[in-house]
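What you see below is based on every heavy atom in this structure, not just the backbone, and it leaves out hydrogens, waters and symmetry mates. A note on names: the letters A, B, ... follow the listed sequences, proteins ahead of strands, and every chain is numbered from 1.
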Amino acid sequence: MATDAPAPDGMEPGAESGAALPVVLFSRGGDGVREALSAALARLEPPARIRPPGAGDDEGSATPVLAFVDLTGDAPRPGEFRERVGPGVPLVALLEGDDAERLVEALSAGFEDYLFFPLNPAELGLLWKGHLEGQARPGLVLEEGEGSRLTMILPSDVRYLRPALRRVLDAFRLLEWSGQANAFRVRAAVGEALTNAVLYGNRQDPSRRVRVRAEMRPREVRVTVTDEGEGFDPGAVPDPTRADRVHESHGRGLFLLRTLMDEVRFNDVGNEVTLVLRKRDGDR
Amino acid sequence: MSFTIENLEDITVVDVQGELTVGNRGELKQAVLNRLDDGDRKFLFDFDGTSYIDSSGLGVLVSLSKKIREKSGALRLAGLNDDLRTLFELTKLDTLFQISDSRSAALGEL
């Protein structure tokens, strides 16, 4: 992969300022990603400038504040960058706005943060501020342990539903009883729980997150989905299969959870649901 | 999810590929409503290439069937796999929709 050449001094607004903090950019060098990032970095407070990766000691300040990685288009796998920037430098993925799959891949490969391209300077400003002040921005965070436990934090955006769901299903498929019928139950029920959390719990508010904990046990799958909404009374949701409700275009999600899972439990507030599916004798 | 819409004589055939879910249902809904506005009245939704429909996708189908009925049109579904058929049965939507075993059967029945 080609990395960017050093930018000549004075080519970027703010680059001549001694106060500009160094960042690095890995990019294919096309599509104006570098130019757009460079211009936006110069307007930050304090400003930042792109210095060549690996320049290190001769640049005065040895450690870059952030490492941006252009993952737009036909980019390489995100996995290789953690090693290249070394420990302690947060990795920021630059992604196409609709590429949630790549985002999940990047976050599970050790990226701390992300920005969508075309670049939104306000988003970059928030990210910059967050990193300088040591606050992590909400993102999708994955912790996987021994294939049996999975934790995710998702932004409240329907684009993350499919990749998040796929992670849960991939983990479930490691169990020997994850045949088609059970995979369908998990897919449908967890999908509905995630959708409810994003749409109705968090009302797609970007400042709110959805937490997912999934445990895959030899005879039981347990998935807990928590949103940051006000909760609701699950007992007040009418049965959508009633003759007077079957024509309604909404209200089937909760019914599907209850029908497909062995156990569905809400917390008192109603912003957290735990789904349990148990292996039956003869399940494949 | 992707879909194609083609006309076979007076029947509008909607082929749905992939997953019809909360993330993409709007696009399909609008395309079918446009056809309805253009005067199309007989619709066949072929789900032969559809792996999954979530409750939001089911909701869109219910909503479209209502709109088509309001214009005295007809709608048939075909090509549902076993999982999807189970979904329609669990939600009793098999009582609301006319479901054919195959696309060719549905074309004959519209």
Can you list the residues that meet the ring-ring contact (aromatic ring centres under 6.0 Å, His included) rule with F3(B), with sequence neighbours excluded? none
Of all heavy-atom pairs between G23(B) and V158(A), which one has the smallest distance, and what is that distance? CA-CG2, 4.3 Å
Verify the neighbour count for atom [atom1] of [X]: are there more than 12 heavy atoms of other residues, nucleotides or ligands below 6.0 Å?
X       : atom1 : result
R217(A) : CZ    : yes
D233(A) : CG    : yes
R258(A) : CZ    : yes
E9(B)   : CD    : no
Y200(A) : OH    : no

What parts of residues 245-256 of chain A touch chain B if we use heavy atoms and a cut-off under 4.5 Å? V246(A), H247(A), E248(A), S249(A), R252(A), G253(A), F255(A), L256(A)
To the nearest 0.5 angstrom, please state how far the [atom1] atom of [X] sits from the [atom2] atom of [Y].
X       : Y       : atom1 : atom2 : result
D54(B)  : R162(A) : CG    : CZ    : 11.5 Å
L84(B)  : F184(A) : CG    : CZ    : 6.5 Å
L90(B)  : T241(A) : CG    : OG1   : 9.5 Å
R242(A) : K92(B)  : CZ    : NZ    : 11.5 Å

Salt bridge (charged side-chain N to carboxylate O under 4.0 Å, His left out): pairs with one or both residues in residues 66-77 of chain B, sequence neighbours excluded: R76(B)-E109(B)
With a 4.5 angstrom heavy-atom cut-off, which part of L96(B) approaches chain A: side chain, backbone, both or neither? side chain
If we define contacts as heavy-atom pairs under 4.5 Å, which of V60(B), V62(B), D83(B) has the most with chain A? D83(B)
List the steps, then state whether side chain to side chain contact (heavy atoms under 4.5 Å, CB included) holds for T21(B) with L161(A). CA-CA 10 Å; T21(B) 63; L161(A) 295 176; over 6 Å; no
Chain B contact via T259(A) - side chain, backbone, both or neither, heavy atoms under 4.5 Å: side chain
So which part of R185(A) gets closer than 4.5 Å to some heavy atom of chain B, the side chain, the backbone, both or neither? neither
Listed by number, the residues in residues 25-40 of chain B that come under 4.5 Å of chain A (heavy atom to heavy atom) are R25(B)
